[in-house]
Amino acid sequence: MIQLFKRNTIFGLLACAGMLTACSDSNESSDNSNLGPLTPATDHFGKAVGNFSAEEWFPGGELGTTEKASYSAITPAAEQAGMEEDFNTGEDLFEHLYTFDVAPRKGLGPAWVRNSCIACHPSYGHGKRQTEYRANTIGNGYLLVIYHPDTNGYITEVTGMPQTQAMSPFKAPIDENQISIDWKDVTAMESGLPMKFPDGESYSLIYPEVTIPQSAFNTDPKPTNYQVRLESTIGVYGTGLLDAIDDEAIEEQWRKESQYVELNPAMWDKAAGKFKAAAYYSAPYNDTGKHHGDHGPLKKFTYAMTRGSLQDGAGANAIWNITNVTRSDRHWLYTTTAWAKAQSEDNEVIQYIKEHGASTASILHPYYADGTDEGIRQRVYEVLNTPSVAYKDTFEKYLLNDAYYGGKEEMSDKQYYQFMVWHRALAVPAARNLGDSDVQRGKELFTQMGCAQCHRPSWKTGADNMWVDASTKAYAASIGKSASLMLPRYANQTIWPYTDMVQHRLFMKNDIRTGWCRTTPLWARGLSRQLTGADDRLHDCRARTVIEAIMWHGYSKESDAYRATEKFYNLPKADRDAVVKFIESI
């Protein structure tokens with residue numbers, strides 16, 4: 001394994017938040033605040049040391065680990081397969097702004113969530129905590145979660161990924177100027193744990209209250225009986241490796257844990273000891289045969305485990321609905337009927353289109369129809385209502401054949417394939433500081449306290465006979481290749497993501513919608529401040545430090561992690577610091 005990596009790689013200084021980050025002289029440094037770039041040239045790098053095996057230096061395995069202090073590096077597997085050019089093109093699609101009319105990043109209209117992918121994933125990492133909601137703030141990884149509290153179901157008046165931006169003359173589905181994020185202090189733990197450790201060191205916890213008044217919704221009807229939560233993006237690196245874990249292995253992990261904790265009944269059939277049909281993507285595997293009878297791969301991505309596999313995962317979905325970029329398998333706009341109705345009834349919208357939409361060179365031409373008020377109203381409703389079954393063919397009928405669009409989808413099958421090469425080929429940075437005695441002590445305590453029961457350290461990937469999406473299949477067919485062989489693969493790799501891929505409940509104040517949240521991988525999170533300028537944690541960035549993240553696990557005695565948190569609370573300061581240093585090193 002070790003020969004895959006150059007032992008004396010020279011790393012450039014990383015610029016972060018306008019300042020140069022200094023290199024640490026040694027991985028043995030006990031200074032948590034300055035891990036510095038990776039320095040694998042130390043004598044013990046890649047070797048068993050203390051209670052760490054040689055493999056643990058390479059959390060992404062032989063094929064998925066990079067020595068670079070970066071969340072954006074390509075995996076050895078993709079390099080060996082000669083995919084660098086496609087990887088770089090996919091990276092470009094991720095990193096740069098989308099516009100209305102400039103290829104290859106054409107999209108946005110008529111409404112959108114963000115104008116680039118990297119805006120939500122600063123340096124490919126976790127989003128940053130925000131005090132106000134502004135779509136164009138780089139680092140704002142927040143998605144608004146607007147739902148009915150009595151059912152936990154999303155409201156239908158706006159899209160599931162709510163949009164706060166729109167092209168003129170349309171009004172954004174939600175006026176973001178009316179969104180309020182108010183950060184509240186926790187004054188007492190519901191579990192009774194004091195907010196001061198036994199040795200006298202105190203900690204503090206905060207949580208967001210988010211409000212959106214009904215007046216902010218430019219929809220007809222406007223929503224009623226709703227609440228709002230925030231969910232922030234997590235790092236996109238290493239997701240291809242998680243996708244390579246066999247569904248059966250994840251199911252076995254759920255079966256094992258179901259003996260001790262309650263699992264999400266929407267996903268798990270406790271009596272039968274297996275996943276329910278709702279836990280699987282509906283389309284069966286294609287190139288490699290059906291995997292689980294008549295259904296497709298397990299949903300394993302997002303906090304709510306709503307997307308799977310990676311080829312139909314969070315990123316594959318987001319490249320369409322966040323920037324509203326149409327492609328061959330998404331031949332419609334990401335909108336709602338309530339927004340379409342409101343815009344078609346807005347006289348300012350109609351008159352603006354009447355004045356500016358006559359020319360075929362105008363982006364508004366598809367909405368112009370015959371130029372009459374009634375004709376424009378009907379066309380606006382039809383075009384903006386494309387998610388409706390009645391108007392599914394609207395993109396092709398009114399947009400794709402319009403002179404402005406030139407008969408092409410906004411993202412080609414080849415571009416989407418290159419985006420997925422990039423997504424599946426993002427490497428995990430190597431571990432750091434494993435020779436440090438404090439880090440070794442932290443690992444020992446992490447296991448003793450029971451943290452590793454949910455943050456399962458390692459997995460063995462399977463054959464990685466991946467499910468392949470329709471767009472990639474179409475592109476593969478056009479060049480006469482097998483789609484399943486065109487993406488990076490990670491078969492039979494021992495990886496160290498520190499997640500059990502199971503949903504748990506922590507019962508936090510103003511908790512995540514439904515309360516169920518998949519255990520977030522811990523690998524390489526210790527590089528976040530160095531690479532992104534922040535290390536905010538948990539689903540809504542409420543934890544500003546590792547200590548705060550841990551203590552939120554013990555906010556309630558009902559939490560699946562309360563006992564582990566209680567044990568951490570009672571550790572002496574040196575041991576608490578060792579646990580933090582371990583978490584920041586893996």
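Nothing here was measured: the structure is a model prediction, and the numbers come from that model. Every heavy atom of this structure was used, including side-chain atoms; hydrogens, water molecules and symmetry mates were not.
A heavy-atom distance below 4.5 Å is not found between the side chains of M466 and S309. Residues C117 and I319 have side chains in contact (heavy-atom distance under 4.5 Å, counting atoms from C-beta outward). Contact annotation: the side chain of N347 approaches that of R377 to within less than 4.5 Å [non-hydrogen atoms, C-beta and beyond]. Side-chain contact between T211 and E209 is absent, with no heavy atoms from C-beta onward closer than 4.5 Å. With a 4.5 Å cut-off on side-chain heavy atoms, Q453 and Y260 do not count as touching. S232 places a side-chain heavy atom less than 4.5 Å from the side chain of H126. With a 4.5 Å cut-off on side-chain heavy atoms, L241 and P497 do not count as touching. Looking only at side-chain heavy atoms (C-beta outward), L506 and Y555 stay at 4.5 Å or farther from each other.
Counting only N and O atoms by type, the side chains of N317 and R330 include a donor and acceptor under 3.5 Å apart. Between the side chains of Y475 and Q418, no donor-acceptor pair of N or O atoms lies under 3.5 Å. Side-chain contact check for T326 and E409: no donor-acceptor pair (N or O, by modelled atom type) lies under 3.5 Å. Side-chain contact of R544 with S204: a donor-acceptor pair under 3.5 Å is present, judged by distance alone. If you check the side chains of N152 and T514, you find no donor sitting under 3.5 Å from an acceptor. T472 and Q311 share no side-chain donor-acceptor pair at under 3.5 Å. Side-chain polar atoms of Q253 and E257 form a donor-acceptor pair below 3.5 angstrom.
Y133 OH to I179 CD1: the interatomic distance, rounded to the nearest 0.5 Å, is 6.0 Å. Separation of atoms CZ (R307) and OG1 (T239) is listed at 14.0 Å; rounding is to 0.5 Å. S344 OG to R379 CZ: the interatomic distance, rounded to the nearest 0.5 Å, is 13.0 Å. Between atom CG of residue L108 and atom CD1 of residue I322 there is a gap of 11.5 Å, rounded to the nearest 0.5 Å. Rounded to the nearest 0.5 angstrom, M161 CE and I146 CD1 are separated by 12.5 Å. One finds the CD1 atom of I138 at 7.5 Å from the CD1 atom of I118 (value rounded to the nearest 0.5 Å).
In terms of heavy atoms, P110 sits closest to L384 at CG-CD2, 3.4 Å. A pairwise comparison of heavy atoms in K341 and D220 identifies NZ-OD2, 2.7 Å as the closest pair. Shown here for S471 and Y416, the closest heavy-atom pair between the two residues is CB-CD2, 3.4 Å. Minimum heavy-atom separation, N385 to T336: OD1-C, 4.1 Å. Nearest heavy-atom pair, Q214 versus K222, reported as atom, atom and distance to 0.1 Å: O-CD, 3.6 Å. When all heavy atoms of L93 and Y98 are compared, the pair lying nearest together is O-OH, 3.1 Å.
Between H455 and H553, the angle of the ring planes lies from 30° to 60°, which puts this pair in the tilted group. A tilted orientation is assigned to the rings of F419 and W422, their planes being inclined by 30° to 60°.
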Would T131 and W183 count as a side-chain contact (heavy atoms from CB on, under 4.5 Å) here? Give the steps.
CA-CA 7 Å; T131 57; W183 287 93; 4.3 Å; yes
For Y381 and Y391, run ring pair (Phe, Tyr, Trp, His ring centres under 6.0 Å): C-alpha distance rounded to whole Å, both residues' side-chain angles, the deciding distance at 0.1 Å, then the answer.
CA-CA 9 Å; Y381 183 75; Y391 300 109; 5.8 Å; yes
Should R229 and I512 be marked as a side-chain contact (heavy atoms from CB on, under 4.5 Å) after you check the CA-CA gap, both sets of side-chain angles, and the distance that decides it?
CA-CA 7 Å; R229 294 290 187 268; I512 194 169; over 6 Å; no
Assess whether side-chain contact (heavy atoms from CB on, under 4.5 Å) is satisfied between W339 and T159, documenting all intermediate values.
CA-CA 9 Å; W339 185 61; T159 52; over 6 Å; no
Could you walk me through whether M267 and W516 pass side-chain contact (heavy atoms from CB on, under 4.5 Å), step by step?
CA-CA 10 Å; M267 297 280 287; W516 297 99; over 6 Å; no
Run R327 and D469 through salt bridge (Lys or Arg N to Asp or Glu O under 4.0 Å) and show every step you take.
CA-CA 12 Å; R327 61 180 192 251; D469 61 273; over 6 Å; no
Evaluate E231 against Y303 for side chain to side chain donor-acceptor pair (under 3.5 Å), listing each step before the verdict.
CA-CA 9 Å; E231 289 184 11; Y303 298 112; over 6 Å; no
In sequence, state the C-alpha distance, the side-chain angles, and the governing distance for Y71 and Y237, and then conclude on ring pair (Phe, Tyr, Trp, His ring centres under 6.0 Å).
CA-CA 6 Å; Y71 291 151; Y237 58 89; 4.3 Å; yes
Quiz: residues 162-171 side-chain donor-acceptor pairs under 3.5 angstrom, not counting sequence neighbours:
unit_1, atom_1, unit_2, atom_2, d
Q163, NE2, Y334, O, 2.9
T164, OG1, E176, OE1, 3.0
K171, NZ, D346, OD2, 2.8
K171, NZ, E348, OE1, 3.2

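With sequence neighbours left out, T137 forms a side-chain contact (heavy atoms from CB on, under 4.5 Å) with Q130, R134, N140.
Applying the ring pair (Phe, Tyr, Trp, His ring centres under 6.0 Å) test to residues at least two apart or on different chains, the pairs with a partner in residues 204-235 are F217-Y226.
Remark: the backbone N or O of C120 is paired with a side-chain donor or acceptor of T233 at under 3.5 angstrom. Using a distance-only test at 3.5 Å, with no hydrogens or angles considered, a donor-acceptor pair links the side chain of T386 to the main chain of L333. For S123 (side chain) and G125 (main-chain N/O), no donor-acceptor pair under 3.5 Å exists by modelled atom type. Side chain of T519 to main chain of D500: no donor-acceptor pair is present (N/O by atom type, distance under 3.5 Å, no hydrogens or angles). A donor-acceptor pair under 3.5 Å is absent between the side-chain atoms of N115 and the main chain of L97, judged by distance alone. Looking only at distances, no side-chain donor or acceptor of D329 sits under 3.5 Å from a matching main-chain atom of A470. Proximity of a side-chain donor or acceptor of D511 to a complementary backbone N or O of M508 within less than 3.5 Å is detected.
At most 12 heavy atoms of other shown residues, nucleotides or ligands fall within 6.0 angstrom of atom NZ in K408.
The only option from L230, N510, D540 that meets the side-chain contact (heavy atoms from CB on, under 4.5 Å) definition with V210 turns out to be L230. Evaluated for a salt bridge (charged side-chain N to carboxylate O under 4.0 Å, His left out) with K300, the options D312, D246, D247 yield exactly one hit, D247. Of the candidates R456, R518, M305, R518 is the only one forming a side-chain contact (heavy atoms from CB on, under 4.5 Å) with M501.
In summary, R255 and E251 engage in a salt bridge, as defined by a charged side-chain N under 4.0 Å from a carboxylate O. Under the 4.0 Å criterion applied to side-chain N and carboxylate O atoms, R537 and D535 are not assigned as salt-bridge partners.
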